[in-house]
Amino acid sequence: MTKSNFPDNFLWGGATAANQFEGAYDVDGKGLSLVDILPDAHHGRWDYLFNAKAAMKMEEDFYPSHESVDFYHRYEEDLRLMAEMGFKTFRMSISWPRIFPQGDEKEPNEKGLQFYDRVIDLCIELGMEPLVTINHFDTPLGMLKKMNGWADRRMIDNYLNFSRVLFMRYKDKVKYWLTFNEINMILHIPLLGGGLDLEGIDNPEQVKYQAAHHQLVASALATKMAHEINPDFQIGCMLAAGVTYPNTPNPKDVFEAMTKDREGYFFIDVQSRGYYPSYSARLFKDMGVTIEMADTDVADLLGNTVDFISFSYYSSRLASADPEMTDTTAANVFESLKNPYLKTSEWGWQTDGLGLRTTMNQIYDRYQKPLFVVENGLGAKDIVEDGDKIHDEYRISYLSENIQAMGEAIADGVVCLGYTSWGCIDLISAGSGEMAKRYGYIYVDRDNDGNGTLNRLRKDSFYWYQDVIKTNGVEL
Ligand code: P53
């Protein structure tokens, strides 16, 4: 038999996020999250990601997050389906406004916590290690209104109160925690990443980087608190990753590609090394950014670095210094030039397995800490055929290429704890708010307008992934 590249205790699983998955947006005392005011792409979602005030005034009759795929009421069936695939881990996030409805209450909402008790207990019963993202794109709307989200330093204490409740409650149940989902996305989708409204602001970079500083300090202080509460906790950062290639060997393109990668690495440099990278001084000067810091920040960052590095990878990116180069992939708000060597999906995302191997090697070389691939996948339209069959060979081929490449990276010497593909069950797209852009092994009967039975079906990829896990990545 072929030998597996993956260690025996490799954590195979899938990833979700409360705001795209749970629905029940006003049930059991939950407050509004900023995503609860966002319509789908056909009703202006893109604009509102940068101008939340307009969204707050708007009276839409359909908001995709309100019902989503109703994990809140169907968690039992869903978790059992994941266990049937053989999941060793399940990545979920905890909705902040479910626990603190406005974001800054003193006491948590007990009913909200009881939901997560049920989910986490069932995960453990089914043999799945919970991997919990504390904050995944769902700053409470109350905090946006009151203090423009993370632009305000008081958010650090609000976040720490929230984190303390979770660490205490789940200290014997959850070992792996991520402080912020895709922390670098605050630069690209400031509303989702930081609860920021940048409308009418003179220097948006100033606000974004100041907010980022608050998150970085919050992440460090949460890491400190976590280790005090349970020294066995493993705390990770989370980067929206994907190596940037230069479009040509022109040194200007090479420099541009390095600069683009540093946009993201900046955050992980702080979270993993514990201090602002040397290149940031010049970057801030050029952008007219001055970061206001408290006296204790430097020491707090330095003393409380993360235990492991997690990241999402969908594709590599391509950069050019030539302003004439404008042929981009129209995938989402995170634009990249189109790479002629890669296949392009319906949503404009390009498949690059080798790019994942390169990305893993690059990140591991840079930080020398264990990695965790916590998102990867292909958003595609699926068709339900006779007998409720969904033949998603395009998804299988994407995932197979990426998992093989991940195995090669491990064979290269990279230490990797696990792999959770994105949206293991169909859920709402963060970028477009649509249902039609599906990532799951499990199909959910629901369309972009909210019609459908919400019934769950096993796609072909369900059985394929079951086999991948059973053979520890030998059969791909
Ligand atoms: P969707 C782009 C835009 C928004 C969120 O994306 C993103 C990205 C990709 O880097 O990040 C993650 O749903 C995110 C998930 C999200 C997933 O990518 O726009 O952590 O919440 O659903 C996929 O197709």
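Every number for a ligand or one of its atoms is a count from 1 in the order of the listing.
In this model, no donor atom of one side chain and acceptor atom of the other lie less than 3.5 Å apart for N19 and S65. Counted by atom type alone, Y279 and D269 present one or more donor-acceptor pairs between their side chains at under 3.5 Å. Using a 3.5 Å distance cut-off with no hydrogens or angles, the side chains of D392 and Y441 do not pair a donor with an acceptor. Side-chain atoms of S432 and R45 include no donor-acceptor pair closer than 3.5 Å.
Taking the six-membered ring for Trp and the full ring otherwise, Y341 and Y245 have centroids separated by 6.0 Å or more.
For ligand 1, the atoms closer than 4.0 angstrom to any heavy atom of K437 are 1 (P), 19 (O), 24 (O). In summary, the atoms of ligand 1 found under 4.0 Å from a heavy atom of Y439, numbered by their order in the structure, are 1 (P), 6 (O), 23 (C), 24 (O). Remark: ligand 1 atoms within the under-4.0 Å shell around heavy atoms of A430 are 1 (P), 5 (C), 13 (O), 16 (C), 19 (O), 21 (O), 22 (O). Against a heavy-atom cut-off of under 4.0 Å, S429 is close to the following atoms of ligand 1: 1 (P), 13 (O), 19 (O), 24 (O). Ligand 1 places these atoms under 4.0 Å from at least one heavy atom of N181: 14 (C), 20 (O). Every atom of ligand 1 with a heavy atom of Y314 under 4.0 Å away is listed here by number and element: 17 (C), 18 (O), 23 (C). Listed by atom number, the atoms of ligand 1 under 4.0 Å from I189 heavy atoms are 4 (C).
Between E434, Q20, E182, it is Q20 that holds the heavy atom closest to atom 22 (O) of ligand 1.
Remark: E408 engages no residue in a side chain to side chain donor-acceptor pair (under 3.5 Å) (not counting sequence neighbours). Every residue two or more places apart in sequence or in another chain that forms a salt bridge (charged side-chain N to carboxylate O under 4.0 Å, His left out) with D412 is listed here: R357.
Using a 4.0 Å heavy-atom cutoff, H188 is absent from the residues neighbouring ligand 1.
Considering both main-chain and side-chain atoms, G431 comes within under 3.5 Å of ligand 1 through a nitrogen or oxygen pair.
Contacts between I428 and ligand 1, counted as non-hydrogen atom pairs separated by less than 4.0 Å, are absent for every part of the residue.
A cation-pi contact, defined as under 6.0 Å to the ring centre and within 45° of the axis, is absent between R458 and Y463.
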